[in-house]
S.K.: 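There's a structure below that I have some questions on.
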Amino acid sequence: MRTSQLLIPTLREAPGEAETVSHTLMLRAGLIRKVAAGIYTYLPLGLRVIRKVEQIIREEMNRAGAQELLMPIASPAELWQETGRWNFYGKELVRFKDRHEREFCLGPTHEEVITDLFRREVRSYRQMPLNFYQIQTKFRDEIRPRFGLMRGREFIMKDAYSFDQDETSARVSYQKMYDAYHRIFTRCGLTFRAVEADTGLIGGSSSHEFMVLADTGENTIVYSDTGTYAANIEQAEVLPPPDMDTEVARPLCPVHTPHCRTVDDVTKFLNVSPAHLVKTLLYSTGTDTIAVLIRGDHEANEVKIQRFLRVTDLALADPAVVERVTGAPVGFAGPIGLQHVRIIADHAVKALRNVIVGANQRDTHYVDANWDRDFQVEQFADLRSACAGDPSPKKDGTLKTTKGIEVGHVFMLGTKYSEAMKASFLDLHGNECLAVMGCYGIGVGRTAASAIEQNHDAKGIIWPYPIAPFHVHLLPLTQSAHTATITAQLYDELQAAGLEVLWDDRDERAGVKFNDADLIGAPFQIVVGDKGLAEGVVEVKTRKDGVKLKLPPAHVTAHLLQRRTS
RNA sequence: CGGGGCGUAGCGCAGCCCGGUAGCGCGCCUGCUUUGGGAGCAGGAUGUCGGAGGUUCAAAUCCUCUCGCCCCGACCA
């Protein structure tokens, strides 16, 4: 393709709206333009990248035995009402009425539509297992879209849905997708990790997130430094500490702690480590107030607390509730003498002796409190988030933390949807059974953005070869007839060899072409100019390391064909 | 939804406090020169100052309302 025939509006300066590297570079390299918050146009260059990612996904999904179809973007309210998600999904689900006042929504995901298809068309176990996928534009009215394609409201997603006869077979389908995802992200040139993920209140069944490792990731993941364990921090199990503190219990003693409301305040004021303080967090479940005891330097994990309490509604109690329950302002809550409130505690608290706790009285804490003597704990459980330094729950090392971008998610659904929508089939014995489902998503735009997060330098993007918009950027620098002839020959020859070539045929100065080429990030640049041609060579520059190689034009194609895989 | 910030030329911004001719850099157009890492000179075009009301002789500037966007948080997967 010639640059003059392609809209590639590169920007010298970074637009103010962009915050992350990938967002800035996608705008600067002319891949995308914003239409509204979280809604983008893919410009020619951006679309080429998207198509590359889609093609890799398509090949690997087909290879894994999934079949492609395409569902509508609009779906009728009735389907969503059947599973209860019409109400449950909230404002993220964009709803509208057609001219006949019938209610519809824009699909944020397609479990309902695909399950409806299954129950209409599939009768027998002989037709199973089945796995359907589509690559399609989704719409979720995200509360806060950000980072360009990283978290948009409208975005392209590959979603797949498997239907199996039983749990065992479903597990096989799940594993096939898990393996396919590994191949897909590897082929996209990404450094990633599959981590155990939260299964929410559906519970029980497996879920893995595929995380691209990048500092700008919105998720925190923990992994074993010497083993294979990796999990979303929301999910990571924390083992109870093996040893009890051996200190002898000292007498309980109140201390004056003026205006010390936070762990930080108190520990600084008393000059002790946060690990010797136990914070008392009051949560409202909608019907109840619960006190949760967590060691001062640990982070409460609301997902775990929710799961433990078996509630769907959980939030820190508001100040009015805290004052009513404790009789003190926020910041001085403690378990001693706390009435009419269930008290649960994290495992770590059990191992502690002589801790500091709030006294349920303004400007007062207790020191040397001990749970077996001074207050009652209903139950100890895993209620905090893992942190760096914790032992791996698989006992294969010590945990470290890193940030990740969730590019894929595989999920065992079980019979949640088949049950709600009566998606059944007849088994070998003529019994009616519910299909066991799985669902599998990949964010296409997010995958492309992640690749930029991992592959860039100060000059611009450094595309991994398999998803680069073009393989070769051809840069004639001079206007001479000789340059023109050689450039045209190289262009034809490279294309004939199957390489995708972007030919910068603009009448621009060398510096402009170099800088745009570095920004756009094709893996190879070929520089053609009178200076080189006088010696009978052109330059082949590798974007990744900047190394320039002088080659006779006739050798260039063979050279690139040989290097393209490396 | 709570907190903070920003809307001025295609892009990046100044001007606003203290009301009085709308500016700078880049980009764009024309010409000449230049031509291997974002050229030089000369000339030129481009703004409902996000929108609506109000105050005032006079509003980009002050006041009220509104819309949009960005950031932090809550929320969601």
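In the text below, chain A, chain B and the rest are named by the order of the sequence lines, each starting its count at 1.
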S.K.: Syn versus anti for B:rU21, judged by chi lying within 90° of 0?
M.R.: syn

S.K.: With a 4.5 Å limit on heavy-atom distance, are the side chains of A:L93 and A:D141 in contact?
M.R.: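 No. Closest side-chain heavy atoms not under 4.5 Å.
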
S.K.: Going by purine N1 to pyrimidine N3 plus the second Watson-Crick contact, or the G-U wobble pair, all under 3.5 Å, which nucleotide sits opposite B:rU34?
M.R.: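 Base-paired to nothing in any strand shown.
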
S.K.: Partner of B:rC28 by Watson-Crick or G-U wobble geometry, both contacts under 3.5 Å, or none?
M.R.: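 Checking every strand shown, B:rC28 finds its partner in B:rG44, with both distances under 3.5 Å.
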
S.K.: Side chains of A:N301 and A:S385 only: does a donor on one sit below 3.5 Å from an acceptor on the other?
M.R.: yes

S.K.: Determine the interatomic distance between C1' on B:rG68 and the same-named atom on B:rC24; round to the nearest Å.
M.R.: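 Each nucleotide's C1' atom is 26 Å from the other's.
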
S.K.: Salt-bridged, A:R2 to A:D504, with N to O below 4.0 Å?
M.R.: no

S.K.: Suppose you measure atom C1' in B:rG25 against the same atom in B:rC63; what distance do you get, rounded to whole Å?
M.R.: 34 Å

S.K.: Suppose we define a pair by two distances each less than 3.5 Å, Watson-Crick or G-U wobble; what does B:rA59 pair with here?
M.R.: none

S.K.: Please give the nucleotide sitting opposite B:rC76 as a Watson-Crick or G-U wobble pair, both distances under 3.5 Å, or none.
M.R.: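 Pair assignment: B:rC76 / none.
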
S.K.: Contact list please: residues 514-523 of chain A against RNA chain B, heavy atoms, distance less than 4.0 Å, in numerical order.
M.R.: A:F514, A:N515, A:D516, A:D518

S.K.: How far, in whole Å, is B:rA9 from B:rC75 if one measures between their C1' atoms?
M.R.: 39 Å

S.K.: Decide yes or no on side-chain contact (heavy atoms from CB on, under 4.5 Å) for A:F155 and A:R140, but give the supporting numbers first.
M.R.: CA-CA 8 Å; A:F155 59 99; A:R140 294 182 189 172; 3.8 Å; yes

S.K.: Is A:E218 salt-bridged to A:R151, cutoff N-O under 4.0 Å?
M.R.: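 Salt bridge present between A:E218 and A:R151.
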
S.K.: Pick base, sugar-phosphate or nothing for A:K459, based on heavy-atom distances below 4.0 Å to the nucleic acid.
M.R.: base

S.K.: On a whole-Å scale, what distance lies between the P atoms belonging to B:rA14 and B:rC6?
M.R.: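 Roughly 10 Å separates the two P atoms.
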
S.K.: Can a donor-acceptor pair be found between the side chains of A:D265 and A:T262 at a distance below 3.5 Å?
M.R.: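 Indeed, the side chains of A:D265 and A:T262 share at least one donor-acceptor pair under 3.5 Å.
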
S.K.: Map A:A14 and A:R506 onto RNA chain B by nearest heavy atom, then report which one ends up closer to the 5' terminus.
M.R.: A:A14

S.K.: Watson-Crick or G-U wobble partner for B:rC6, using a 3.5 Å limit on both distances?
M.R.: B:rG68

S.K.: Taking only nitrogen or oxygen atoms into account, show me every contact under 3.5 Å that the protein makes with nucleotides 27-35 of chain B, one pair per line with its distance.
M.R.:
from	atom 1	to	atom 2	distance (Å)
B:rU34	O2	A:R509	NH1	2.8

S.K.: With rounding to whole Å, what would you report as the distance between B:rA58 and B:rC1 at their C1' atoms?
M.R.: 41 Å

S.K.: Cut-off 3.5 Å, side chains only: do A:K304 and A:Q306 have a donor facing an acceptor?
M.R.: no

S.K.: Would you mind building the protein contact string for nucleotides 66-77 of chain B? One character per nucleotide, 5' to 3', B for base within reach (heavy atoms under 4.0 Å), S for sugar-phosphate only, - for untouched.
M.R.: ---SSSB-BBSB

S.K.: Between B:rG3 and B:rU66, how many Å separate the two P atoms, rounded to a whole number?
M.R.: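 My reading of the P atoms in B:rG3 and B:rU66 gives 14 Å.
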
S.K.: Return the value, rounded to whole Å, for the distance between atom NZ of A:K541 and atom C1' of B:rG36.
M.R.: 12 Å

S.K.: Regarding A:W80 and A:S75, is there a side-chain donor-to-acceptor distance under 3.5 Å anywhere?
M.R.: yes

S.K.: A:Y417 pairs by side chain to side chain donor-acceptor pair (under 3.5 Å) with which of A:R85, A:E112, A:E111?
M.R.: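 Only match with A:Y417 under side chain to side chain donor-acceptor pair (under 3.5 Å): A:R85.
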
S.K.: Hey, are A:Q5 and A:T3 close enough side-chain-wise for a donor-acceptor pair under 3.5 Å?
M.R.: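 Their side chains do not contain a donor-acceptor pair, so the 3.5 Å distance test is not met.
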
S.K.: State plainly whether the residues A:K541 and A:D518 are in salt-bridge range, i.e. N to O under 4.0 Å.
M.R.: yes

S.K.: In whole angstrom, give me the gap between the C1' atoms of B:rG23 and B:rC32.
M.R.: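 Each nucleotide's C1' atom is 29 Å from the other's.
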
S.K.: Could you check whether A:K459 pairs with A:D457 (Lys NZ or Arg NE/NH1/NH2 to Asp/Glu carboxylate O, under 4.0 Å)?
M.R.: no

S.K.: Can a side-chain donor-acceptor contact be found between A:H208 and A:Y174 if the only test is distance below 3.5 angstrom?
M.R.: yes

S.K.: Looking only at atom P, what distance separates B:rU8 and B:rA52, rounded to whole Å?
M.R.: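 After rounding to an integer number of Å, I get 15 Å for this pair.
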
S.K.: Please name the nucleotide paired to B:rC18 by Watson-Crick or G-U wobble geometry with both distances under 3.5 Å, or report none.
M.R.: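 Pairing partner, where one exists within any strand: none, as none qualifies.
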
S.K.: Can you tell me the distance, in whole Å, between the CZ atom of A:R543 and the P atom of B:rG37?
M.R.: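 In whole Å, B:rG37 P and A:R543 CZ are 17 Å from each other.
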
S.K.: Look through every strand shown and name the nucleotide pairing with B:rC49 as Watson-Crick or G-U wobble, where both distances are under 3.5 Å.
M.R.: none

